[in-house]
Every structure is written in structure tokens, then in C-alpha cells.
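First the structure, in the form of C-alpha cells, and then the observations on it.
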Number of protein chains: 2
Amino acid sequence: MLAHALANRDRLLADLADLVAADSVGADPARASGMEAARSLLETRLRDAGWNNLQRLLPDDGTGQPALYADRLDRPGAPTLLVYAHYDVQPPEPHDSWHSPPFELTAREGRLYGRGASDDKGPMLIALAALDAFLAVDGQLPVNVKLLLEGEEETGSPSLPGILEAHRDLLSADAALSADGARWRADLVSVNTGSRGSAGFEITVRTAGKDLHSGRYGGVVPNALHVMAQLVASLHNPDGGIAVPAVLAPVTEMTEAERAEMAEIPFNEAAFLAPTGAMGFGEPGMGLLERLWYRPTIELNGMWGGHTGAGSKTVIPHEAHAKLTLRLVPGQDPKATMLAVQDHLRARIPDGVALEFHGVRGLSAASALPGDHPLLLASEAALEATTGVRPVRVRIGATLPLTEIIRRILGIDTVMFSFSTADEDYHAPNEFLRESAIDEGLAAWVDILARVGRQSAEDYRRTGGPE
Amino acid sequence: MLAHALANRDRLLADLADLVAADSVGADPARASGMEAARSLLETRLRDAGWNNLQRLLPDDGTGQPALYADRLDRPGAPTLLVYAHYDVQPPEPHDSWHSPPFELTAREGRLYGRGASDDKGPMLIALAALDAFLAVDGQLPVNVKLLLEGEEETGSPSLPGILEAHRDLLSADAALSADGARWRADLVSVNTGSRGSAGFEITVRTAGKDLHSGRYGGVVPNALHVMAQLVASLHNPDGGIAVPAVLAPVTEMTEAERAEMAEIPFNEAAFLAPTGAMGFGEPGMGLLERLWYRPTIELNGMWGGHTGAGSKTVIPHEAHAKLTLRLVPGQDPKATMLAVQDHLRARIPDGVALEFHGVRGLSAASALPGDHPLLLASEAALEATTGVRPVRVRIGATLPLTEIIRRILGIDTVMFSFSTADEDYHAPNEFLRESAIDEGLAAWVDILARVGRQSAEDYRRTGGPE
């Protein structure tokens with residue numbers, strides 16, 4: 001299988017060049033034709049390879065960018081995997097910063113440059129090429145596979161929940177295997193077992209009916225910026241820890257096994273922080289990775305009020321605004337945690353000052369794979385078999401809405417099995433995919449598909465299966 | 001004298017109409033001809049009335065809008081007053097909000113509407129009409145008078161210090177009497193005996209080399225907005241009092257006499273605050289007027305950082321900015337007070353975070369007239385004689401740079417003797433002057449000029465004279 005896949009490497013590169021040339025920037029209405037070109041290329045490819053039931057999926061309201069669906073359900077009793085990838089890409093701007101045209105796949109020094117090469121067209125084609133190798137050689141796959149190729153990942157997946165809800169039966173599976181989601185580091189073989197959740201909202205403080213002159217009213221009326229500063233300052237202790245007990249109370253503590261796994265990871269805090277220009281900061285008594293993967297945060301993303309332009313304007317501002325994002329860990333319910341922060345703030349507002357919450361967004365629980373999930377175990381074994389190195393278990397501090405949406409609607413866990421790497425500038429100019437990822441990815445995908453073929457659907461019913 | 005002045009009331013109104021029609025908006029280069037028209041009208045008027053030594057004054061560098069100077073120094077041994085007013089006006093925008101054209105003096109319901117009617121063309125012409133009455137009837141003034149009519153008051157008087165420095169001898173006087181500076185309330189006869197000073201600067205906090213992703217770095221690096229909030233929150237106690245001891249230490253406490261004067265003032269805190277839409281707030285244990293006139297403030301005018309536009313951007317901002325203004329009271333040195341606040345902030349900055357101060361502006365000490373200043377006593381007596389009511393002594397919480405600049409460069413005190421009122425929308429559309437101010441003002445100016453004519457220059461050498 002792998003020999004066939006590797007022999008068809010040139011076909012994969014040609015397909016990637018065609019797919020990169022389709023400028024499928026979902027955020028740009030002027031590039032609707034690029035979105036359609038990407039869909040057509042993929043549909044032709046899937047039809048030629050012998051996939052069944054090819055169709056475009058939309059939510060019940062019929063709007064949004066369609067996801068592509070196809071399946072091969074040849075193996076009764078074997079597990080069914082929902083294989084996920086996405087065909088839309090980030091905008092290319094700023095154009096001037098690209099060293100070669102963004103929509104022209106260009107090989108340089110072991111790297112394949114182009115918008116989408118790393119996120120997610122390259123990793124998607126690696127998965128499809130591995131699957132195609134089984135179809136070409138055996139005429140069937142070792143497991144049941146349902147493909148779901150999304151078209152709105154880079155614009156926040158607004159239609160994905162509706163698509164999953166509208167096609168719940170069609171998409172039912174034992175687990176999801178994602179060709180999206182970058183490897184953490186090029187120098188480390190790792191599997192991702194969890195991500196933080198999120199919750200966001202905005203705060204408005206209002207202290208008067210209008211801005212007032214700081215001479216004529218200074219000292220006798222409240223200042224919205226002072227009130228906002230006191231609210232924000234009340235959220236953290238000076239050492240960086242969260243000062244809202246109700247936010248911390250439900251947090252699931254790290255297990256001894258997780259501590260042992262973390263201790264295995266070669267990690268240099270200073271090297272990690274160096275590119276940021278920041279000094280390390282945060283809850284005392286724990287390492288950086290523990291804070292990043294296992295601790296919640298309350299982070300201001302923006303704050304403003306009063307005169308923010310050039311020169312001076314000696315006003316007492318009557319309104320102050322802030323936007324904030326919570327990062328959540330297992331144990332924390334997104335809505336309850338957000339309400340705990342809002343209660344904390346409300347309790348600290350002076351008499352006569354109005355406090356409003358609005359702009360709630362991104363309520364998404366943390367994800368954590370059960371340590372004995374059969375697809376997690378298969379992914380670890382596949383990586384060890386194809387790299388010779390036992391992967392370490394890592395998490396990410398960011399939020400993967402995909403994982404949460406699939407868990408919530410389809411009731412299954414998602415294993416990330418992408419062969420992009422987090423340093424490949426995939427939301428910036430000069431996005432690239434390491435050429436080495438192609439051989440590594442093909443080998444690992446062939447291995448994991450064969451390995452899951454030796455598991456049974458029954459294995460998945462015990463943990464992580466549909467609820 | 002007064003009879004003559006009142007008999008020439010129509011002439012004053014015609015002059016005011018002409019002067020309002022000269023659109024002397026100093027901030028608008030397109031209205032340079034309006035500035036010149038105002039100067040020409042005033043020069044013609046002064047020449048016709050018999051003023052001597054008429055000239056335009058500029059700083060040594062020869063730039064800026066000239067101030068007009070003229071004098072009548074007919075009374076050896078009598079006090080010399082520097083009579084101040086300004087001929088420039090605020091911009092008229094927004095035009096749509098005016099009920100009659102801004103540069104067309106329009107009488108309606110006992111009010112004279114027009115840009116500059118109240119600030120300061122009306123009050124300036126009242127003073128000139130009273131002076132002209134003496135010249136017309138007696139052929140001389142009862143005191144020595146030097147006129148200084150400024151052209152940059154509404155743009156912050158940038159050239160005034162240079163003009164005073166370049167013409168220090170020409171402008172030397174025993175005291176200044178200003179036709180600018182509104183009466184506090186229409187229902188109260190008052191004299192102003194003090195104003196707060198000011199000092200302003202900007203703060204920048206920098207925690208990293210760039211904005212960082214709140215998922216990938218949340219909990220492990222500092223957030224510039226959190227640091228800014230903690231700095232700002234540290235400046236005040238929750239009850240509104242200043243929490244920087246070095247700022248409060250040098251404050252001159254109110255005297256018993258000042259407390260007694262304040263107790264005489266009829267004042268309704270709720271009615272004062274009602275138009276602001278704010279609830280009263282500030283240092284506990286003292287009334288609103290004490291806080292406004294006798295206590296310093298540290299007031300944020302603007303604060304901003306991170307994502308302040310629509311939608312969400314889940315960054316950890318690496319920079320935060322704030323602009324602030326201190327209001328100062330007697331005893332406080334502007335620079336030393338500003339440095340005390342900066343020291344307080346610097347002591348609270350976490351390791352690895354950069355703090356910068358810049359944009360220093362408006363360093364101006366508080367002003368307070370000595371209680372026995374001869375011109376203050378004359379102004380009180382003139383008001384009592386012409387209104388039948390003994391005026392109360394009041395202060396203002398705002399800063400009058402004029403007073404500070406004149407004190408600093410010419411070494412003399414300034415008494416405000418304007419007949420505009422603070423509610424006349426003089427920096428807003430539909431600026432107006434009460435018609436009653438004309439008769440009241442003419443009577444009071446005639447009285448005070450005659451009264452100071454009965455004082456001697458010697459009286460001024462004892463207090464408040466040149467240093």
C-alpha cells in the first residue's frame with residue numbers, strides 16, 4: 001500500500017499544485033470561483049478513486065459553503081472513521097510579503113510554498129492519497145470511512161454545527177480522525193490529547209450620560225476608566241493567578257499519569273518564550289506547560305475608552321469597554337464559568353455605575369481524549385511504527401472548535417493526525433509544508449488505517465463511542 | 001460715565017454684530033481673513049476712542065496670531081491694570097445644530113446668539129465700552145490701563161508666554177483684570193478667587209515584542225492590559241480618594257475662613273450633578289465643592305490597547321496606553337506632583353515589563369488670589385455696589401492657564417471680571433450672551449475702574465505686585 005502511495009507521490013504533488021491554484025479563500029466573496037474550483041477538483045478526484053455516495057452537505061437552511069461528503073463502508077463490524085479535512089484557506093494578504101505567488105505551489109529548499117500547502121490542502125491530500133492506495137491495490141479500505149471536507153474552517157466553521165445536525169445519521173461514526181491540526185514541533189514526535197475550551201464576552205461600563213470636563217467635574221463624579229481598571233485588576237492576583245475562586249473550583253486537577261507524561265517532554269521554557277519578546281509570567285509553583293495546558297485563563301483582548309487619538313482632551317470618560325476571552329480546562333462548563341466571572345465583576349461595581357455584558361461568543365468546552373481511547377492508541381502505535389520513536393502526549397493551550405462540535409453533536413472523539421507543523425506560517429505570508437511531511441504522512445496514514453482495520457467497532461463502544 | 005455708556009448701548013450692539021460677523025476661528029486656517037477682520041475692527045475702534053501706542057504684539061520668533069496692545073497711562077501714582085480679553089473664537093461646527101447662523105448676531109428671548117457673543121467678544125466690548133465712556137466724558141481714564149487682546153486663547157494660548165516674555169516691560173502692571181472667564185451661575189453674584197492647576201502625561205506599557213495568541217500563550221506571558229489595569233487601579237482607593245501619599249502630602253489645607261466662605265454658598269449637589277447623568281463620587285468626608293475646588297485629582301482621559309474594533313480577535317495585547325491629567329491645588333508643584341505619580345507607577349511594574357512616560361503637557365500650578373488683594377476687594381465692592389448683593393467667593397475646578405502664565409511671567413495676579421455665564425454654550429452650538437449682562441457689565445466696569453482710581457499703585461506693592 002505504502003509502496004503504491006509513494007510511487008504516486010508525483011500525482012499527489014500535481015494534485016496539490018492544482019488545489020493550491022484554486023484560490024479558495026472563503027472570507028473573500030470575490031474568490032467564490034476559487035472555492036468552487038477546489039470543490040470540483042476534489043469531487044473529480046474522489047469520483048475517479050471509487051468513493052461512493054459523493055455529495056455536498058449544507059445545513060437545513062441551505063446556506064454557507066458546502067462540505068463534501070463521500071464514503072466507503074465495505075467492512076461490516078470494523079470501526080467507522082469520520083475522516084475530516086478542510087478545503088478553504090486563509091486570505092493571502094499582504095501579497096507583497098510573499099517570496100513566490102501565494103496560489104502557485106513552489107518548491108524551495110525542501111519546502112512546498114503556497115497558501116493552503118500546510119493548512120490544510122497538503123495534509124488533506126496525504127490522507128486521500130493513503131486512502132486511494134488501499135482502493136487502488138485492494139479495491140476496498142481496511143476500515144469504514146466517511147469523508148467530511150469542510151469549506152468554512154478558516155472563517156470559524158459557522159455552518160459546521162448545522163451540517164452535522166442536518167446529517168447526523170449520514171455522519172455517524174465511531175471516532176473522527178482529522179487531517180487538520182498541526183504537529184506541535186518539528187523536532188518531536190507527539191500526539192495531541194487535549195485542548196483548552198473558550199468563552200468570550202464584552203464588558204461596557206457607563207458612569208455618566210456623557211464625557212465630562214476633568215476640571216469642572218474632576219473629583220466629584222466617577223471615571224469609567226478607573227472603574228474598568230479596578231474591575232480588570234480584580235480578576236488576577238499580582239502574581240498572575242486568577243482571583244475568582246468560582247472559576248478555579250471546578251478545575252480537574254492533573255493526574256499523576258499526566259504529570260509523568262509531561263515530565264517526559266523535552267522542553268526549554270526560555271527557548272519557547274524567546275520569539276515572543278516576553279518574560280514568563282503566570283501562576284506560581286507550576287511549570288509553563290502545566291499553566292498552558294491544564295490551567296484556565298481570563299485574558300483581556302482589548303480595552304478602550306475616552307480620548308485615544310493624538311493630542312490631549314481633558315475629559316472624564318463616561319464609557320469604558322473591554323473584550324475578553326476565557327480559556328477553559330476539563331471540569332469547567334463554558335457558560336457557568338463565564339457567569340462566574342460576570343458575577344465577580346457585578347459584585348465590584350460601585351453604586352450608580354452601569355455594567356453590561358454582551359457579545360458572548362465561542363462557548364466551547366475543553367477537550368481531552370480518554371487515555372485509553374482506541375484511536376489514540378492506534379495513532380501512537382502508527383507513529384511509533386513509522387518513525388521508530390514513541391510519541392509523547394501533548395496538549396494545546398488554544399481551542400479546537402472542531403473537536404468540541406463533533407463531540408457535542410455526533411458524540412465521538414477526534415484524534416488529530418495532521419502532518420503539517422505549527423511553525424509553517426499557515427496564517428501568514430509564505431505558508432509552506434515540509435516536503436518530508438509527505439512521506440512521513442503517507443506511511444503513518446497507511447499504518448493507522450490498517451491498524452484500525454484490525455480493531456473492531458465493538459472496541460469503540462466501550463469508550464468514546466456515540467452516547 | 002455709566003449714563004454715557006448706557007446711552008451708547010446701541011453702538012455696543014452694532015460693534016458686537018460686526019465683530020461676531022468676523023469669523024475669527026483661530027483653529028481653522030481657512031478663516032485667517034476672519035482673524036484679520038476682527039483685528040482691524042478692534043484697531044479702528046481703539047484708534048477712534050483715543051487709545052495710545054496701538055500695536056500688534058508677537059513673540060520674538062515673529063510667529064502666531066498677534067495680540068493687540070494699546071494703553072492710556074494718564075495717572076501717575078494710580079494703579080496700572082492690564083486689561084485682558086481675546087478676539088478669537090471656537091469653531092462653529094456642527095453647523096446644522098445652530099438655530100441661527102453662527103456668525104450673525106441674533107437676538108431672541110433676551111439672549112444674543114452668535115459664535116463669540118459670550119466668549120469673549122461680548123464681554124470684551126463691555127469692558128471697552130466702559131473704558132471708552134471715561135475717555136469720551138473725561139478725556140482720560142481714572143487708572144492707568146494697558147489693553148491686551150489675545151488671538152490664540154481658544155487654541156491654548158501657545159504664543160502668549162512668548163508675547164509676555166518679549167514685551168515684559170511694555171506689559172508691566174500692578175494687576176491684571178480679565179474680561180474673559182465666565183461667571184459661575186446666573187443666580188449667584190460671585191467672584192472667582194482660585195483655580196486648580198494641571199499636569200498631563202501619557203503612559204505606555206509593553207509586555208512583549210508583539211501581540212500573542214491567547215490560546216497558545218495564555219497563562220504564560222504577561223498581558224499589557226492587565227498590567228495597565230493594575231497600575232491605574234493602584235492610583236485610587238475604592239472610595240475615590242487618591243492612593244498616592246506623595247501627591248497628597250504637600251496639599252495646602254483649607255483655612256477656617258475658606259470653610260466659612262464656602263458654607264455661605266447656596267449649593268445643591270443633586271441639582272449640580274443632574275445634567276451629567278452621574279452619581280456623586282469621590283473622597284469621603286467632604287462636600288462636593290470642597291472636592292472640586294480644594295482637592296487634587298488624577299484622572300484618566302483615555303486608555304486603550306489590543307483589539308478595539310468590531311468582532312473578536314483573541315490576542316494577548318503587548319502594548320497598552322493611557323493619557324491622564326492631574327488637577328492640582330495650592331501647595332502642589334506641577335512637575336514634582338507628576339513625578340510622584342510616575343514613581344508610584346514605576347514601583348508597581350512587574351519584572352520584564354517596560355513602562356514609558358511621554359507626552360508631558362500643561363504643567364500649570366494652581367492659582368489662588370490672596371484674600372486681601374486690592375483688586376479682588378475692588379471687584380467685590382464693585383459687584384456689591386452695582387447689584388446690591390454681596391458676592392460670594394468661589395473657585396473653579398478647571399485650570400486657567402492665563403492666570404498662571406501672567407503670574408509666572410509678569411509676576412502679578414489676575415482678577416476675573418467677565419459678564420458671560422458658564423451656561424452660555426460658549427464651546428457648543430447656539431452660543432449666547434444674556435442681554436442683561438450688558439447693563440450689568442457696563443455698571444460694574446465703570447464702578448471698578450473708578451474704584452481702582454481711588455486706590456494707589458502703592459497698595460499693590462504690598463500684595464500681589466511684581467516680584
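In the text below, chain A, chain B and the rest are named by the order of the sequence lines, each starting its count at 1.
- Only the side chain of B/L273 comes within contact range of chain A, judged by heavy atoms closer than 4.5 Å.
- In terms of heavy-atom pairs under 4.5 angstrom with chain A, the leader among B/G362, B/G309, B/G305 is B/G305.
- Of all non-hydrogen atoms in A/A278 and B/V221, the two that sit nearest each other are CB-CG1, 3.8 Å.
- Counting heavy-atom pairs under 4.5 Å between each of B/G302, B/G306, B/G209 and chain A puts B/G302 at the top.
- Considering only heavy-atom pairs separated by less than 4.5 Å from chain A, the leading option among B/G218, B/G282, B/A233, B/G311 is B/G218.
- With a threshold of 4.5 angstrom between heavy atoms, A/L288 approaches chain B through its backbone and through its side chain.
- Among A/L212, A/L292, A/V232, A/I242, the residue with the largest count of heavy-atom pairs under 4.5 Å with chain B is A/L292.
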Could you pull out every donor-acceptor pair under 3.5 Å between chain A and chain B?
unit_1 : atom_1 : unit_2 : atom_2 : d
A/R196 : NH1    : B/G218 : O      : 3.2
A/R196 : NH2    : B/G215 : O      : 3.0
A/R196 : NH2    : B/G218 : O      : 2.9
A/G209 : N      : B/T276 : O      : 2.8
A/S214 : OG     : B/R327 : NE     : 3.2
A/S214 : OG     : B/R327 : NH2    : 2.8
A/G215 : O      : B/R196 : NH2    : 2.9
A/G215 : O      : B/A398 : N      : 3.4
A/G218 : O      : B/R196 : NH1    : 3.2
A/G218 : O      : B/R196 : NH2    : 2.9
A/G219 : O      : B/R291 : NE     : 2.9
A/V220 : O      : B/F281 : N      : 2.9
A/N223 : ND2    : B/E299 : OE2    : 2.9
A/N223 : ND2    : B/L300 : O      : 2.9
A/H226 : NE2    : B/L300 : N      : 3.0
A/T276 : O      : B/G209 : N      : 2.8
A/F281 : N      : B/V220 : O      : 2.9
A/R291 : NE     : B/G219 : O      : 2.9
A/E299 : OE2    : B/N223 : ND2    : 3.0
A/L300 : N      : B/H226 : NE2    : 3.1
A/L300 : O      : B/N223 : ND2    : 2.9
A/N301 : O      : B/H307 : N      : 2.9
A/N301 : ND2    : B/V315 : O      : 2.8
A/M303 : N      : B/G305 : O      : 3.1
A/M303 : O      : B/G305 : N      : 3.0
A/G305 : N      : B/M303 : O      : 3.0
A/G305 : O      : B/M303 : N      : 3.1
A/H307 : N      : B/N301 : O      : 2.9
A/G309 : O      : B/K323 : NZ     : 2.7
A/G311 : O      : B/K323 : NZ     : 2.6
A/V315 : O      : B/N301 : ND2    : 2.8
A/K323 : NZ     : B/G309 : O      : 2.7
A/K323 : NZ     : B/G311 : O      : 2.6
A/R327 : NE     : B/S214 : OG     : 3.3
A/R327 : NH2    : B/S214 : OG     : 2.8
A/A398 : N      : B/G215 : O      : 3.4

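- Contact annotation for A/P238: only backbone heavy atoms (N, CA, C, O) come within less than 4.5 Å of a heavy atom of chain B.
- Among the candidates B/V315, B/L324, B/V353, the residue making the largest number of heavy-atom pairs closer than 4.5 Å to chain A is B/V315.
- Closest approach of A/L300 and B/L225 over heavy atoms only: CB-CD1, 3.8 Å.
- A/A310 touches chain B through its backbone: at least one of N, CA, C or O sits under 4.5 Å from a heavy atom, while the side chain does not.
- Residue A/L235: no heavy atom, backbone or side chain, is found under 4.5 Å from chain B.
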